[in-house]
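See below for the structure under consideration.
The structure presented is a predicted model; accordingly, all values stated were derived computationally and were not measured.
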Amino acid sequence: MNPKSVVLSLPVKNPEHSLAFYRDGLGLETSGIEEGIISLEIANLSLFLIEKNEFEKYSKAGNLFAHLPGKAVECILSCALDSKEEVDEILKKAEANGGSIPNPPADEPWGYTGYFRDPDGHLWEIVWSKKSD
């Protein structure tokens, strides 16, 4: 796997305080601010700070977290790849090496997305974005 970029989404209680810490305190550039979501860029990493309640809604989408009743995950690890075929290839490799596929990959408005869990249960999102083609 050779990801083009890595995205890390973190739940935060107070986006304004988090923005002050990361942008103003640490000097990270802000690439976007939406209601409840702050995007920061760090070399090949995009860091999304998502208000906790919004993060919990997103992280429970599609029953990906049905095995965690009443709980949300701590982060979603996402990698952008060059093609749909590469997304499918990585999902097959993950499953063949002890991972699991909670949902089949699907076309989304922004591109093509698939998920796998590693042997420890950490969730990865593998994406081909229409913008990158």
Side-chain angles (χ1 to χ4, degrees):
M1 178 163 75
N2 187 17
K4 295 187 317 182
S5 65
V6 177
V7 177
L8 177 61
S9 300
L10 299 175
V12 297
K13 289 183 180 178
N14 187 318
E16 293 78 23
H17 288 162
S18 296
L19 178 62
F21 175 79
Y22 285 100
R23 184 188 62 192
D24 304 334
L26 299 180
L28 298 178
E29 290 188 283
T30 304
S31 58
I33 299 174
E34 297 178 24
E35 187 173 329
I37 301 175
I38 299 163
S39 303
L40 302 163
E41 296 298 323
I42 308 166
N44 291 327
L45 172 71
S46 295
L47 176 62
F48 287 82
L49 306 174
I50 304 175
E51 192 277 323
K52 188 177 183 301
N53 291 330
E54 288 300 312
F55 184 89
E56 288 176 358
K57 287 180 202 173
Y58 175 74
S59 67
K60 291 180 181 177
N63 293 321
L64 293 172
F65 305 96
H67 74 290
L68 300 172
K71 297 180 182 179
V73 296
E74 292 298 321
C75 69
I76 299 169
L77 303 164
S78 301
C79 291
L81 302 177
D82 288 326
S83 68
K84 287 182 173 184
E85 294 77 20
E86 193 174 0
V87 170
D88 290 337
E89 179 183 324
I90 294 303
L91 295 175
K92 287 178 187 173
K93 285 182 180 180
E95 189 169 39
N97 288 285
S100 63
I101 310 297
N103 290 359
D107 285 304
E108 303 288 353
W110 58 87
Y112 183 71
T113 303
Y115 294 89
F116 72 85
R117 291 186 186 286
D118 71 12
D120 293 307
H122 301 292
L123 184 68
W124 285 79
E125 176 185 51
I126 308 299
V127 179
W128 165 77
S129 173
K130 290 179 181 178
K131 293 190 303 184
S132 65
D133 196 31

Could you pull out all donor-acceptor pairs under 3.5 Å where a side-chain atom in residues 11-22 meets a protein atom, sequence neighbours excluded?
unit_1	atom_1	unit_2	atom_2	d
Asn14	OD1	Glu16	N	3.0
Asn14	OD1	His17	N	3.1
Asn14	ND2	His17	ND1	3.3
Ser18	OG	Asn14	O	3.3

Enumerate, atom names and distances included, each donor-acceptor pair closer than 3.5 Å involving a side-chain atom of residues 91-98, sequence neighbours excluded.
unit_1	atom_1	unit_2	atom_2	d
Lys93	NZ	Glu89	OE2	3.2
Asn97	ND2	Lys93	O	2.7

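- To the nearest 0.5 angstrom, Ile126 atom CD1 is 4.5 Å from Phe116 atom CZ.
- Side-chain contact between Leu123 and Pro102: present, with at least one pair of heavy atoms (C-beta onward) separated by less than 4.5 Å.
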Enumerate donor-acceptor pairs with a distance under 3.5 Å from any side-chain N or O in residues 25-41 to protein atoms, sequence neighbours excluded.
unit_1	atom_1	unit_2	atom_2	d
Ser31	OG	Ser39	O	3.4
Ser31	OG	Glu41	OE2	3.2
Glu41	OE1	Ser46	OG	3.0
Glu41	OE2	Ser46	OG	3.1

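- Residue Ser78 comes nearest to Glu125 through the heavy atom pair OG-OE1, 2.6 Å, listed as atom of the first residue, atom of the second, then distance.
- A continuous path of Ile, Leu, Val, Met, Phe, Trp and Tyr side chains, each step under 4.5 Å between heavy atoms, connects Leu8 with Val6, placing both in one hydrophobic cluster.
- A pairwise comparison of heavy atoms in Asp88 and Tyr112 identifies OD1-OH, 2.6 Å as the closest pair.
- Between Cys79 atom SG and Glu86 atom CD the span is 10.0 Å, to the nearest 0.5 Å.
- Annotation for Asn103 and Ile101: closest pair O-CG2, 3.1 Å, computed over non-hydrogen atoms.
- Shown here is Asp24, whose CG atom has more than 12 heavy atoms of other residues, nucleotides or ligands within 6.0 Å.
- With sequence neighbours left out, Asp118 forms a salt bridge (Lys or Arg N to Asp or Glu O under 4.0 Å) with no residue at all.
- Taking OH of Tyr115 as the reference point, atom OG of Ser100 lies at 14.0 Å (rounded to 0.5 Å).
- Pairs passing the salt bridge (charged side-chain N to carboxylate O under 4.0 Å, His left out) check and including a residue from residues 97-113, sequence neighbours excluded, read Lys84-Asp107.
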